**Student:** 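What follows is a structure written as structure tokens; I'll ask about it next.
Along the sequence shown, residues carry numbers from 1. All figures in this text were calculated on a predicted structure; none of them were measured in a lab.
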Amino acid sequence: MKSNKGVTIISLIVYIIVLTFVIGTTSMLVKYFYNNTEETVISKKTTDQYSRFMAYLTEDVNSR
């Protein structure tokens, strides 16, 4: 019976290590995708600001 307890403890430790690795990998992927969505929002704002600047510049050039 002692050998069965040892195998159970070893398998439990292996499951915990594998589960920790899987959760860590998943959290890194989720963090990566959330960072990419924030960059997309920033780039949309940058395009909007660039368009406003070009409209202001065109209006200024045409007024003279």
Side-chain angles (χ1 to χ4, degrees):
M1 292 224 171
K2 286 187 178 183
S3 63
N4 288 339
K5 286 185 178 182
V7 171
T8 305
I9 292 174
I10 291 173
S11 64
L12 180 64
I13 291 171
V14 169
Y15 286 142
I16 290 172
I17 291 172
V18 170
L19 186 62
T20 304
F21 178 75
V22 169
I23 290 173
T25 305
T26 305
S27 67
M28 288 176 58
L29 288 173
V30 168
K31 182 180 176 182
Y32 173 75
F33 283 116
Y34 276 129
N35 286 339
N36 280 344
T37 56
E38 289 176 6
E39 288 178 10
T40 303
V41 170
I42 290 171
S43 68
K44 285 183 181 179
K45 289 180 182 178
T46 304
T47 305
D48 186 40
Q49 292 294 328
Y50 180 72
S51 297
R52 287 183 183 179
F53 174 71
M54 290 303 293
Y56 175 75
L57 188 62
T58 304
E59 182 180 329
D60 187 46
V61 168
N62 289 335
S63 68
R64 294 183 183 177

**Student:** What pairs with I23 under side-chain contact (heavy atoms from CB on, under 4.5 Å), at least two apart in sequence or on another chain?
**Tutor:** L19
**Student:** Starting at OG1 of T58, measure out to CZ of F53 and round the result to the nearest 0.5 Å.
**Tutor:** 9.5 Å
**Student:** Sequence neighbours excluded, which residues qualify as side-chain contact (heavy atoms from CB on, under 4.5 Å) partners of T26?
**Tutor:** V22, V30
**Student:** Got a sec, which hydrophobics cluster with Y56, joining ILVMFWY side chains under 4.5 Å apart, including via others?
**Tutor:** none
**Student:** Look at the side-chain heavy atoms of Ile, Leu, Val, Met, Phe, Trp and Tyr, link any pair under 4.5 Å apart, and say whether I17 and I9 land in one connected group.
**Tutor:** yes
